[in-house]
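Notes to accompany the following structure.
Within every chain, numbering begins at 1; the chains are lettered A, B, ... in the order of the sequence lines, protein sequences first and strands thereafter. Everything quoted here is computed from the prediction, not taken from an experiment.
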Amino acid sequence: MKSRKLLTLAGVIFLALALAVMPLMAACGPAPEEPTTPTTPTTPAVKGPLKYGMSICMTGVAAEKGSPMGHGKLDAIKYINEELGGINGHPIEAIWYDNSYDAAKAATIVKKMMSDGALFFTTNSSKMMMASQEIANRAGFPGIASFSSPICTNPPQHIYAQMPDYGDDFAAFANYYLANIWKGEGKPKLALHLLNNPTGSGSGDAALCLADELGIEIVATEEHTATTISEMESMTRIKAANPDVLFIGSTPAPSAVVIKNAYELGLYPGVVIGCAHASFTKAMVAIAGADIVEGVYGVFPTCSWGEDVPGMAKMTEYCKAYHPKDYGNMDYITSWAEALVGAEILRLAVENCGYDKLAAGDAAAWECVEKNGIQKLDYDVEGLHGPVKYTAGDNRLDKSVRVFQVVSGEITAVSGWIDAPRIPYENFPDKFPWAVK
Amino acid sequence: MGLPCGTYNYSYAKDMAILRTKTHWALFIALLILVFTAPLYCDNYLLGVANLMGITLIAAVGLNILLGYCGQLSIGHAGFIAVGAYTAAVLTGTFELPFLVGLICAGLMAGLVGLFFGIPSLKVKGFYLGIATIAAQFIIIWFINHLSITGGFTGIAVPYASIGGFVFDTEASQFYLIMTIAVLCVFFAKNLARTRIGRAFVAIRDNDLAAEVMGINLFYYKLLAFFIGCFLAGIAGSLLAHWIGFMNAEQFSISESILYIGMVIIGGMGSALGPILGVIFIRLLQQGMMFIAPMLESAFPALPAGFASGIAPMLFGVVIVLFLVLEPRGLSHRWMLFKASYRLWPFSY
Amino acid sequence: MENGNQTKLRIEHLSLNFGGVHALNDVSLEIKDNEILAIIGPNGAGKTCILNCISGFYKPQQGEIYFEGKKITRMRPDKVANLGLARTFQNIELYTGLSSQDNIMAARHVLMKQNFVSGSLYFGWAHKEEIEHRELVEDIIDFLEIEPIRKRVVGSLPYGMRKRVELGRALALEPKVLLLDEPMAGMNLEEKEDIARFVVDVFEGQGVTYPNNPTLRDGVTCIVLVEHDMGVVMDIADRIIVLDFGRKIAEGTPDEIKSNPEVIRAYLGQEAK
Amino acid sequence: MAEFLQYSITGVTVGMIYALIGLSFALIWKSSGVANLALGGLVLIFSWIFYAMLVQVGLPLWLSLIVVLILALAFGWLIERFCLRPLIAQPILSLITVTLGLEFFLEGLAVFIWPEMVAGLPPLFPIEPLKIGPAVVSQAYVWAAVISLILFGILTLYFRYHKMGIAMRATADDQLAVQACGIPVTSIFSTSWMLACVVSAIAGILISSISGLTHGLVETGLKAFSVVILGGLDSFIGCIVAGPIIGLAENLGSGWLTPIVGWGGLKDVIPFIIIIVVLFIKPYGLFGEVRIERI
């Protein structure tokens, strides 16, 4: 009995050690056999790889978004390596780690990627980028955030945003609303319901910044937690303020609660409801119930599944082959597009600086990637989201979103690409001290 | 625990010393040399992990004083770390005060906040106190999110640490800074534990009624434990802020607090070695998890979607459960048993 | 002996209730210097309650307690201990996670001066102070003959040894009054004799045997002993107080108590059954 | 006035949902003194199982419910048998940490089986709200409140009259004495874990029918158990009274204070301020057992 216990203990300690030693092996060992090397059998890769760093929230609280996003970009890289033969014959090597949505881990991961000689890195959430961005900025290591907060790109440094941020969502929606929906006199009255984190406050900050310029009156600002089960109380106050339009900057589940409560209070249908892109997913429709959310507007920076754009066929093929469960998930598109943009950056960098300079994976290579890759981008991303093009002073690569609406329970596009101009946060240094630095 | 055969103490000073034989000293110095030359043969990533461990260790030492020695459960430790981190961030970032001022103020501020939330400990024990500290964490984070000076939800950037013009801008220099402070903290905590205050803490933990009757002021010492524990949390927070460079209140979640308790318990409560082992165990395990998903995905591309994302937390949980089932008194207890049997070997009866 | 016999502790009209239960009912007594006072009585008579009131652990509803003329009723327990009242407990209340030596060191707490800063630095006078106090503690360990278990964690010690460590802990406080709550409960004859010998030795003082330890050298001149065992009490006590149902029913020398009919009815009669 | 009524009704109904999770926590606390940190994970996993039965397998509602409840019983037994029982007589904090490990495991398990990680249940109750004077309340909340009242009633009766329930109460006081009476303490622990799993399954189903199946369920579990401190951890009546009090406090307090102080999100911090205040004034909650110290 005793010996059995000892044996099991030894087993557990061995298991724990094996797990624990993994980082050591990966870092110190002479390992050219990087465990993260993707399989690249079809094209004989004679040329050296280009290292693409990815910090992915594969597990943890944000895995609901991180996991399909991870699949999306890994599948895209598989596609690029296998069918397109890599970048000018150089395969892309994905150096990716799971950050578990843990800031401290994200900070060690960005260091790991710098040691591994990655040429740039991407994250798929603003929190993970915020935990990594100072380290990267200080080292001049370029990074791209798929979903970002304004603070990632303001003031512009070495971090770029793949798509418009939550603030831009608001700006684009407000423009659309004023042009196409608002028929009344005077200023429309706006109520905001924001998640209590940068996702929500991003929309709130944009509203604060733009309200006067656009001619909108903010009559109520409420906030909620990601785990809220009832917002009747805040919605009662919003109802009392008698708004014309309600903008929700949040994630699917709490947005669904807010919309349901608006429905129960008789506020909706009646007011116009708009959602930022983190809320506006199929899950929100499922949680709130299709009958209730019918007619709700939302913005989203990518195309939707099944649309007739050049990149759709390959993406659908790979998704169905490797991660069929992710089919229909918008985050997969975002991430697939991210990998296409990343490949384009690498292509520009290889063509402009040559592979040898990039192979070093040092500060000079990073500068080259940033100056000759990211900043020279001019690419349509095969129509999967708005075209990416760098303009000086604006670190957002793609600058347009589309407005969607729930029609018969389906999220349907109601507009083309709407430009989301950069929001001048730096003009309000007292409200947004971070934007001036 | 006894000494190796043939070792005798000839003075009380010698009996009370931490390092008592030449072998002890040799091992200790070798360890210090090993630690402080690490930047020579480790890359930035490993140094980064070591820095994270050092920072975590400082906070865990604080929690060990509070929970392991004084027996006061705190499930809000990440909240107190946040207080320190934001104090340092605001002082050095916004007001551009020197790093050391920020460091000390971070400790003091966290200590004072800890004092306030420690007041219920005079009336309640155990899990009731735990819940008071959970509440403390939520309240702290709420305030950080709603004050304008802390940058609100957006967060706040923090400059590099610097002392007298020397900027700790490389991973290696940060390593020296963090390790020095961590070693000092461990040393202070060890001394504290073996002197008057530490005995008072343990007395309160083991038998608070008797401790009071034997002349220990519960009010003072419980609050002192909260102050010291949270002071160290604040120091750790300050270092964390300078190390990551950007603070956001979301980083200090309740599960982080719970994990700190896990570290202290897995390491072994109420021993100087405990937090060191616990921190190394948990942080390395976490880092190991980081590699599992990529490895699985690349080795077995045909795995079902949830495999890579689900297996890591499952393994993490299983290791913790199995570990506690087999070694409920923590790693340091196992280490003691090992030392004892090694000393008596081969006559282990 | 009769000369220095002034009152150390004076208890006046003490009453203590728990809800409807009268644990103590108008008890008055005096505890004098230079005597071993025994408080006896059947189970539930309120003996321990008196000790708990003295050490500040219970707050009596009525009555006052004076120590050397100073009122200590309803004072915080740690302050009472600081005045020089030390005690042991009926059910051993040691710090189970500490070694015997550290348990006794922990009682030196009130006599030490380091604070958490000097303690954590350990150099200089904190270190010196630790050594000084360690020496005094070693005297106690030597006196109580517990050297072999010095470094053992008390949670793992046998009952008799733990009782000794507890006595040592009380002695380390350098008390002016020593309150012993059933120090011999649950012991065999030999162990009882040991404890009785320690009590008498402490009372008398050891003089030059322990020249540096004031408690052991000069003795504790005032000891209160709460005990069940009549034999031991009759042997070592100078004066006996008998309680029954929270009332004082008799007071006097052992001989007087032996012949007191009230006591025989309340106590000895019960035991004779 | 209309607003007051709206706030009150919302507060009471939401509070009842907190109380429901609190009941599950109190069950284990009452019989074994273990703080169940895996509560969030349990709520999560049972909600997903229910989703799987109802939506993925397509069973009728009543059958899915029965399957979930049976699985909950099995889970409870397994957890007690393989995680908690080996640790009997070990330091209580080790037991609590085991539940922490369990929490990680359950979270991982949920992701493992349901990688989509977010889903919505079809509405279990009619979506049309009930009108009470000028105020409205969703039927889902009302049903949740009713169900937690029923569960509270059943548990109270069980603990008062059923042999096992009485033994459970006794175990909380003195494990040795119970063992001496010939009642195996281990079976009491496993019964309490099984019951707690059933209660958390019901709570999970109700909550996820309101706010969907997300990882957030974990934190809802955590938050709710800290909220029921007001009632006292070991008291069912405490949970059922304190839940609504907290719900009222957060809704009324936030309703009045938000316009005054101008800070959003007061609702989320008020419960915790109340906890701190309660601990200062009445440390063991409204109905918690106050221990008389003896030496």
Side-chain angles (χ1 to χ4, degrees), chain A residues 5 58-68 71 101 192-194 196 200 204 220-237 239-240 251-257 260-261 263-266 281-292 323 325-326 328-329, chain D residues 2-3 6-7 9-11 13-14 17-18 55 107-108 111 114-123 127-130 135-141 144 206-223 247 250-252 254-255 258-259 262-268:
Chain A
K5 191 181 159 183
M58 206 64 160
T59 64
V61 193
E64 77 185 50
K65 287 182 95 69
S67 163
H71 298 150
Y101 207 57
L192 293 162
H193 219 305
L194 310 169
N196 64 346
T221 308
E222 297 291 340
E223 75 179 58
H224 56 262
T225 60
T227 58
T228 183
I229 54 175
S230 163
E231 286 299 327
M232 290 300 261
E233 173 259 342
S234 53
M235 291 309 291
T236 307
R237 253 177 289 123
K239 191 183 174 189
T251 50
S255 304
V257 172
K260 263 202 266 191
N261 288 343
Y263 173 84
E264 280 150 13
L265 283 168
T281 65
K282 282 206 307 193
M284 185 201 79
V285 180
I287 295 169
D291 296 343
I292 290 180
H323 295 102
K325 281 225 165 190
D326 292 331
N329 193 316
Chain D
E3 284 178 5
Q6 181 64 56
Y7 293 154
I9 290 173
T10 310
T13 47
V14 170
I17 299 176
Y18 290 149
V55 179
E107 284 176 28
V111 178
W114 295 279
E116 56 267 42
M117 273 171 276
V118 51
L121 283 176
I127 57 169
E128 286 316 310
L130 294 176
V136 289
V137 55
S138 147
Q139 296 207 25
Y141 298 115
L206 289 172
I207 293 174
S208 53
S209 79
I210 292 170
S211 64
L213 289 143
T214 63
H215 200 274
L217 285 171
V218 169
E219 246 180 69
T220 312
L222 270 177
K223 185 181 167 189
E250 61 175 40
N251 282 283
L252 288 175
S254 173
T258 306
W263 270 347
L266 275 175
K267 190 173 67 133
D268 308 315

Supply the atom-to-atom distance D:Glu250 CD to A:Ser230 OG, rounded to the nearest 0.5 angstrom. 8.5 Å
For A:Ile287 and D:Gly120, which heavy atoms make the closest approach, and how far apart are they? CG1-CA, 3.6 Å
To the nearest 0.5 Å, what is the distance between CD (A:Glu231) and NZ (D:Lys267)? 3.5 Å
Could you report the tightest heavy-atom contact between A:Met232 and D:Val136, atom names first, then the distance? CE-O, 3.6 Å
With only heavy atoms counted, which part of A:Ala253 is less than 4.5 Å from chain D, the side chain, the backbone, both or neither? both
With heavy-atom distances below 4.5 Å as the criterion, would you say the side chains of A:Lys260 and D:Ile127 are in contact? no
Of the backbone (N, CA, C, O) and the side chain (C-beta and beyond), which part of D:Thr13 lies under 4.5 Å from a heavy atom of chain A, both, or neither? neither
Less than 4.5 Å apart, side chain to side chain, heavy atoms only: is that true for A:Lys325 and D:Trp114? no
Among the options A:Thr221, A:Thr236, A:Val257, pick out the one with the most heavy-atom pairs lying under 4.5 Å from chain D. A:Thr236
Which bit of D:Ser138 is near chain A, if near means a heavy-atom gap under 4.5 Å: side chain, backbone, both or neither? both
What part of A:Asn329 lies closer than 4.5 angstrom to a heavy atom of chain D: side chain, backbone, both or neither? neither
Given heavy-atom pairs under 4.5 angstrom as the criterion, report whether the side chain, backbone, both or neither of D:Ile17 touches chain A. side chain
For D:Glu3 and A:Ala240, the nearest pair of non-hydrogen atoms, with its separation, is OE2-CB, 3.7 Å
Roughly how far apart are D:Tyr141 OH and A:Glu264 CD, rounded to 0.5 Å? 6.0 Å
With a 4.5 angstrom heavy-atom cut-off, which part of A:Leu194 approaches chain D: side chain, backbone, both or neither? neither
Against chain A, label D:Asn251 side chain, backbone, both or neither, depending on which of its atoms sit under 4.5 Å from a heavy atom there. both
Chain D contact via A:Thr281 - side chain, backbone, both or neither, heavy atoms under 4.5 Å: neither
Give every donor-acceptor pair under 3.5 Å between a side-chain atom in residues 210-217 of chain D and any protein atom, sequence neighbours left out.
unit_1, atom_1, unit_2, atom_2, d
D:Ser211, OG, D:Ile207, O, 3.4
D:Thr214, OG1, D:Gly216, N, 3.0
D:His215, NE2, D:Glu107, OE1, 3.4

Can you sort out the partners of A:Tyr101 under side-chain hydrogen bond (donor to acceptor under 3.5 Å, both in side chains), two or more places apart, ordered by chain and number? none
Pairwise distance OG1(D:Thr10) to CE(A:Met235) - rounded to 0.5 angstrom: 12.0 Å
